[in-house]
Peer 1: 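Mind looking over this structure? Questions follow.
Ligands are counted one by one from 1 in listed order, and the atoms in each one are counted from 1 as well.
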Amino acid sequence: MKLGVIGGGAWGTALAQVAARGDRDVLLWARERDVVTSINRDHVNAAFLPGIALSPSIRATGSLGELSGCDALLVVAPAQHVRAVLAETAVGATPLVLCAKGIEAGTRLLVGEVAQGVHPRAPIAVLSGPTFAHEVAAGQPTAVTLACADAGLRSALADRLAGPGFRPYASDDVVGAEIGGAVKNVLAIACGVVEGAGLGLNARAALIARGFAEMTRFGVARGGRAETLGGLSGLGDLVLTCNSVNSRNFSLGLGLGRGRSAQALLADRRTVAEGAFTAPVLREAAAEAGVDMPVCAAVCDLLEGAPIDAVVGALLARPLKREAA
Ligand SMILES: NC(=O)c1ccc[n+]([C@@H]2O[C@H](COP(=O)([O-])OP(=O)(O)OC[C@H]3O[C@@H](n4cnc5c(N)ncnc54)[C@H](O)[C@@H]3O)[C@@H](O)[C@H]2O)c1
Ligand SMILES: O=P(O)(O)OC[C@H](O)CO
């Protein structure tokens, strides 16, 4: 199975490295000319994944048309750009493996739903889980959820990607796998705020547990399964990103917690903090589904500039309730 990768950021490059294990050819489309040159000439992605020596069997291209010879495509553009990039790609019935974590603004669609709308004949899979790109690219042990309704395709993709340091777990719950990754980014911002504002480790643990309850409520309301939310793509990724400054979302929250504005923090950054874009659309989607998500709503308020004391005070002053509710 020849794999193509759409997106030359940190995660697309790390996944290309996984797919290239054993000197297998991988074609990676990158939007930036400097990334294409850097990968083909020096076998590094100096812009988005510095310090990692890439397999020479990864070839980069700036032309989406070249991907037409691939047997499956890993889609690793940021969530808000997936529609535009896929619209320019000839896909037909080639399987698409969605690896971005987010919900599309405006439509409130999951990335897999966007892909299905653009390419109705393409089988859809989702790869998600606790995966800092640098660690994956360096071959450090990592496990992910690989979700696909088609058992044969799921198994073929898992066999193609698995290796000594990369272990996919199979699932048929595409929606559940996507929602975990999208919601955890918003919750990671909240945990960063707690760290930046010095609110303590108890508060962070409370946010992780109550945030997980929100993620599960929303995921189940959208048709996912609670067991998927409790797996690698949900709880696993939530634990990772809520506890490390290596997370772009956590570090965005850290800056907010230290008093900087979201606008200033997001300006000029070349890397993506998906939670900032997911938070407002998640608030809309939760309202639409009739799901209470107070922590995620609080992150929206903070991104819009509300004072931390007021937001935290309002969260804690809500009426007391049963934990399971
Ligand atoms: N970095 C990680 O560790 C990691 C791990 C798992 C999942 N992800 C997810 O993968 C997705 C991609 O993130 P990343 O970390 O590879 O990106 P990145 O932050 O390393 O790089 C930004 C990417 O955005 C792309 N981009 C910017 N503007 C664009 C546009 N107008 N159209 C198309 N692409 C555009 C750039 O080309 C680049 O590939 C995100 O959804 C992210 O949540 C990232
Ligand atoms: O750096 P973040 O916050 O985008 O997190 C990267 C991955 O999603 C971790 O699994």
Peer 1: Assess whether a salt bridge exists between D172 and R225, defined as any Lys/Arg side-chain N lying under 4.0 Å from an Asp/Glu carboxylate O.
Peer 2: yes

Peer 1: Hey, are N243 and R204 close enough side-chain-wise for a donor-acceptor pair under 3.5 Å?
Peer 2: yes

Peer 1: Do me a favour and list the nearest non-hydrogen protein atom to atom 36 (C) of ligand 1 with residue, atom name and distance?
Peer 2: E32 OE2, 3.1 Å

Peer 1: Short list, please: which atoms of ligand 2 are under 4.0 Å from a heavy atom of P130?
Peer 2: 10 (O)

Peer 1: Looking at L240, which atoms of ligand 2 are within less than 4.0 Å of one of its heavy atoms?
Peer 2: 9 (C), 10 (O)

Peer 1: Tell me, please: is H134 in heavy-atom contact with ligand 1, that is, under 4.0 Å?
Peer 2: no

Peer 1: So if I count the atoms of ligand 1 from 1 in the order they appear, which ones are less than 4.0 Å from some heavy atom of T271?
Peer 2: 19 (O)

Peer 1: Report, in ascending order of atom number, the atoms of ligand 1 lying under 4.0 Å from any heavy atom of A100.
Peer 2: 41 (O)

Peer 1: At a 4.0 Å threshold, what atoms of ligand 2 neighbour a non-hydrogen atom of K184?
Peer 2: 5 (O), 7 (C), 8 (O), 9 (C)

Peer 1: Starting from atom 22 (C) of ligand 1, find the nearest protein heavy-atom neighbour and note its residue, name and distance.
Peer 2: R270 O, 3.6 Å

Peer 1: By number and element, which atoms of ligand 2 are closer than 4.0 Å to a non-hydrogen atom of G129?
Peer 2: 10 (O)

Peer 1: Are any of the heavy atoms in G102 under 4.0 Å away from ligand 1?
Peer 2: no

Peer 1: Considering only non-hydrogen protein atoms, determine which one is nearest to atom 20 (O) of ligand 1 and report residue, atom name and distance to 0.1 Å.
Peer 2: A10 N, 2.8 Å

Peer 1: Residue-level breakdown please: for V35 versus ligand 1, do any non-hydrogen atoms fall below 4.0 Å on the side chain, on the backbone, on both, or on neither?
Peer 2: neither

Peer 1: Regarding atom 9 (C) of ligand 2: of the candidates D237, N249, L232, which has the closest heavy atom?
Peer 2: D237

Peer 1: Counting heavy atoms only, which of W29, F132, F48, F277 is nearest atom 21 (O) of ligand 1?
Peer 2: F48

Peer 1: For K101, take its heavy atoms, then give the atoms of ligand 2 lying under 4.0 Å from any of them.
Peer 2: 7 (C), 8 (O), 9 (C), 10 (O)

Peer 1: State whether the side chain of R160 and the backbone N or O of M1 hold a donor-acceptor pair below 3.5 Å, judged by distance alone.
Peer 2: yes

Peer 1: For the 3.5 Å polar cut-off, considering only N or O atoms, please tell me whether G9 and ligand 1 meet it.
Peer 2: yes

Peer 1: Check each heavy atom of S247 against ligand 2 and say whether those closer than 4.0 Å belong to the side chain, the backbone, both or neither.
Peer 2: both

Peer 1: Got the closest protein heavy atom to atom 13 (O) of ligand 1, with its distance?
Peer 2: V272 CG1, 3.7 Å

Peer 1: Evaluate the criterion salt bridge (charged side-chain N to carboxylate O under 4.0 Å, His left out) for residue pair R270 and D34; output intermediate values, then yes/no.
Peer 2: CA-CA 13 Å; R270 209 177 176 190; D34 61 310; 3.3 Å; yes

Peer 1: Below 4.0 Å, non-hydrogen atoms only: which portion of R31 touches ligand 1? Side chain, backbone, both or neither.
Peer 2: side chain

Peer 1: I'd like to know if K184 pairs up with E274 as an ion pair, taking the criterion as any Lys NZ or Arg NE/NH1/NH2 lying under 4.0 Å from an Asp or Glu carboxylate oxygen.
Peer 2: no

Peer 1: Starting at CD of E32, measure out to CZ of F48 and round the result to the nearest 0.5 Å.
Peer 2: 4.0 Å

Peer 1: Identify, for atom 12 (C) of ligand 1, the protein heavy atom at the shortest distance, and state residue, atom and that distance.
Peer 2: V76 O, 3.4 Å

Peer 1: Taking only heavy atoms of V85, which atoms of ligand 1 are found under 4.0 Å from at least one of them?
Peer 2: 33 (C)

Peer 1: Students should be able to answer this: which protein heavy-atom is nearest to atom 44 (C) of ligand 1, and at what distance?
Peer 2: W11 CB, 3.4 Å

Peer 1: Under a 4.0 angstrom heavy-atom cut-off, which atoms of ligand 1 come close to A133?
Peer 2: 1 (N), 2 (C), 3 (O)

Peer 1: Would you mind checking which non-hydrogen protein atom is closest to atom 43 (O) of ligand 1, with the distance to 0.1 Å?
Peer 2: E274 CG, 3.3 Å

Peer 1: R83 pairs by salt bridge (Lys or Arg N to Asp or Glu O under 4.0 Å) with which of E88, E104, E113?
Peer 2: E104

Peer 1: Considering A14, P78, A47, which one's heavy-atom position lies nearest to atom 24 (O) of ligand 1?
Peer 2: P78

Peer 1: Considering only the protein, which heavy-atom contact is closest to atom 1 (N) of ligand 1, and what is its distance?
Peer 2: R248 NH2, 3.2 Å

Peer 1: Using a 4.0 Å cut-off to any heavy atom of G8, which atoms of ligand 1 qualify?
Peer 2: 39 (O)

Peer 1: Tell me, which protein residue and heavy-atom name are nearest atom 1 (O) of ligand 2, and how many Å apart are they?
Peer 2: R248 NE, 2.6 Å

Peer 1: Hey, which atoms in ligand 2 end up nearer than 4.0 Å to a heavy atom of T241?
Peer 2: 3 (O), 5 (O), 9 (C)

Peer 1: Please report the interatomic distance CG(L3) to CG(L15), rounded to the nearest 0.5 Å.
Peer 2: 10.0 Å

